Amino acid sequence: MNKQKGLLSEGAELEIGSAVETTARLLREEFLQRAEPGVFLGSEDELMQRFGVSRATFRQAMKLLEHEELVTIRRGVGGGFFTRRPSANGVAHMAAVYLIFQRTPIEDVLHTAMALRVEAVRQISASRDKKIRTAPREYLERHRDLLVGADRREATRAVNGYHLLLAELSNNKVLELVMNVVRMFGNRSDALVFTPERLCEHAEATAAEAAAMERGDAVAAEAAARLQNEISLRWLKRQRK
């Protein structure tokens, strides 16, 4: 008898889980169609009635969408559920956590980062907008002291800022998101550590890359980007010896 109750309970849990996932999918599709933040979706009772689900199922589904940063809840008079634009940092953070949890080799991350960086510098070098091509060099000049200084945390922040700038200048949201994932993965890994010597080596290669982009020399810029990856891999090998 107890065993039968257990089976019924398990079946009920599976049914509830399926209802929550289905409701979350339907809500997600509707929210994404709005394509802008701050749009009023309705009150809890209105949405429950529209989708024909219980309060428990609706609230669990909404928790999933809150976690995905697709909806926000406002309490009180004039409150209800409103659309929200997911942040790139939030998405990148979860992806980085996933990669770390999977024990992803840092070599895989470095190779992926190199491919993305090559694509970014290629697009920047090909830009007809001189401001875009000169932006990397100007960034390095503004952060010159940090990139060769003794403060490892500030230097890492400056290096990460340069990488994100390349992604932003390339005007490719996919590339920007994935490079953000790579940055967050690197921040949570102690496999590569900046030293004064490494910072100098990094700064020299980066300066060559920025100068090539400013000239519009895609070939030289791509070569410099690949060199950056080779430098990081060499650091990793030395560190593991």
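The model shown is predicted, which means the values in this text are computed figures rather than measured ones. In what follows, every heavy atom counts, from backbone to side chain, and hydrogens, waters and symmetry copies are set aside.
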Fill in the blank from the handout: d(L65 CG, T72 OG1) to nearest 0.5 Å is 12.0 Å
Practice task
Measure from the side-chain N and O atoms of H143 to the backbone N and O of Y139, and report whether any donor-acceptor pair falls under 3.5 Å.
Solution key: yes
Handout entry: Shared hydrophobic cluster, V118 / V109 (ILVMFWY, side-chain heavy atoms < 4.5 Å)
Key = no
Problem - Basic-acidic side-chain contact under 4.0 Å: R50, E46 - result: no
Exercise for the section: Considering only NZ, NE, NH1 and NH2 on the basic side and carboxylate oxygens on the acidic side, decide whether R133 and E214 come within less than 4.0 Å. Expected result: no
Problem - pair F185-T104: side-chain heavy atoms closer than 4.5 Å - result: yes
Practice task
Grab the two heavy atoms, one from L166 and one from A120, that are nearest each other, plus how far apart they are.
Solution key: O-CB, 3.9 Å
Fill in the blank from the handout: dist L175:CG -> L116:CG (nearest 0.5 Å) comes out at 5.0 Å
Exercise for the section: For the pair Q60 and L64, evaluate side chain to side chain contact (heavy atoms under 4.5 Å, CB included) and give the outcome as yes or no after the intermediate values. Expected result: CA-CA 7 Å; Q60 289 182 61; L64 291 176; over 6 Å; no
Handout entry: Minimum-distance pair of heavy atoms, taken over all atoms of M114 and A225
Key = CG-O, 4.3 Å
Practice task
With side chain to side chain contact (heavy atoms under 4.5 Å, CB included) as the test, would you mind laying out the steps for I124 and M213 before giving the verdict?
Solution key: CA-CA 6 Å; I124 295 169; M213 284 187 285; 3.8 Å; yes
Handout entry: Enclosure of N171 CG (heavy-atom neighbours >12, cutoff 6.0 Å)
Key = no
Handout entry: Test salt bridge (charged side-chain N to carboxylate O under 4.0 Å, His left out) applied to R226 and E230, step by step
Key = CA-CA 6 Å; R226 296 182 189 281; E230 293 173 8; over 6 Å; no
Practice task
Determine whether L110 and L233 make a side-chain contact, defined as any pair of heavy atoms from C-beta on separated by less than 4.5 Å.
Solution key: yes
Completion exercise
In this structure, OG1 of T23 is separated from CG of L47 (nearest 0.5 Å) by 11.0 Å
Practice task
Could you walk me through whether F81 and F58 pass ring pair (Phe, Tyr, Trp, His ring centres under 6.0 Å), step by step?
Solution key: CA-CA 12 Å; F81 295 86; F58 176 80; 5.4 Å; yes
Problem - Residues R25, E29: salt bridge by 4.0 Å N-O rule - result: yes
Handout entry: Pair R117 + E209: basic N to acidic O under 4.0 Å
Key = yes
Problem - Gap separating the CE atom of M184 from the CG atom of L99, nearest 0.5 angstrom - result: 12.5 Å
Practice task
Please tell me if the side chains of Y162 and T206 come closer than 4.5 Å, counting only heavy atoms from C-beta onward.
Solution key: yes
Practice task
Heavy atoms only: give me the nearest A24-A61 pair and the separation to one decimal.
Solution key: N-CB, 3.8 Å
Practice task
Report yes if some heavy atom in the side chain of L164 is under 4.5 Å from a heavy atom in the side chain of E168; otherwise report no.
Solution key: no
Practice task
Find out whether E154 and R157 are in side-chain contact, i.e. whether some heavy atom of one side chain is under 4.5 Å from a heavy atom of the other.
Solution key: yes
Problem - Derivation of the side chain to side chain contact (heavy atoms under 4.5 Å, CB included) call for F31 and V71 - result: CA-CA 8 Å; F31 296 175; V71 64; 3.9 Å; yes
Problem - Non-hydrogen side-chain atoms of T83 and L70 separated by less than 4.5 Å - result: no
Problem - Exercise: identify the closest heavy-atom pair between V181 and A92 - result: CG2-CA, 3.7 Å
Handout entry: Pairs flagged by side-chain hydrogen bond (donor to acceptor under 3.5 Å, both in side chains) wherever residues 118-128 is involved - sequence neighbours left out
Key = E119-R122, E119-Q123, R122-E222
Exercise for the section: May I ask you to test the M62-L27 pair for a side-chain heavy-atom distance under 4.5 Å? Expected result: yes
Exercise for the section: Look only at the side chain of T134 and the backbone of K130, and say whether a donor-acceptor pair between them is shorter than 3.5 Å. Expected result: yes
Exercise for the section: Sequence neighbours left out, what passes side chain to side chain contact (heavy atoms under 4.5 Å, CB included) with A205? Give chain and number order. Expected result: L227, Q228, I231
Practice task
Count the heavy atoms belonging to other residues, nucleotides or ligands that lie under 6.0 Å from OH of Y98, then report whether that count exceeds 12.
Solution key: no
Problem - Pairing residues for R55 by the side chain to side chain contact (heavy atoms under 4.5 Å, CB included) criterion, not counting sequence neighbours - result: E44, D45, M48, R59
Practice task
May I ask you to check whether over 12 heavy atoms, not counting those of E138, lie within 6.0 Å of atom CD?
Solution key: yes
Problem - Residue pair F51 / E30, side-chain heavy-atom distance below 4.5 Å - result: yes
Problem - Spacing of E107 atom CD and S232 atom OG [to the nearest 0.5 Å] - result: 11.0 Å
Problem - Heavy-atom closest pair, residues H163 and M179 - result: O-CE, 3.6 Å
Problem - Joint hydrophobic cluster, L41 plus L26, side-chain heavy atoms closer than 4.5 Å - result: yes
Exercise for the section: Please round to the nearest 0.5 Å and tell me the distance separating atom NZ of K63 and atom CD1 of I73. Expected result: 9.5 Å
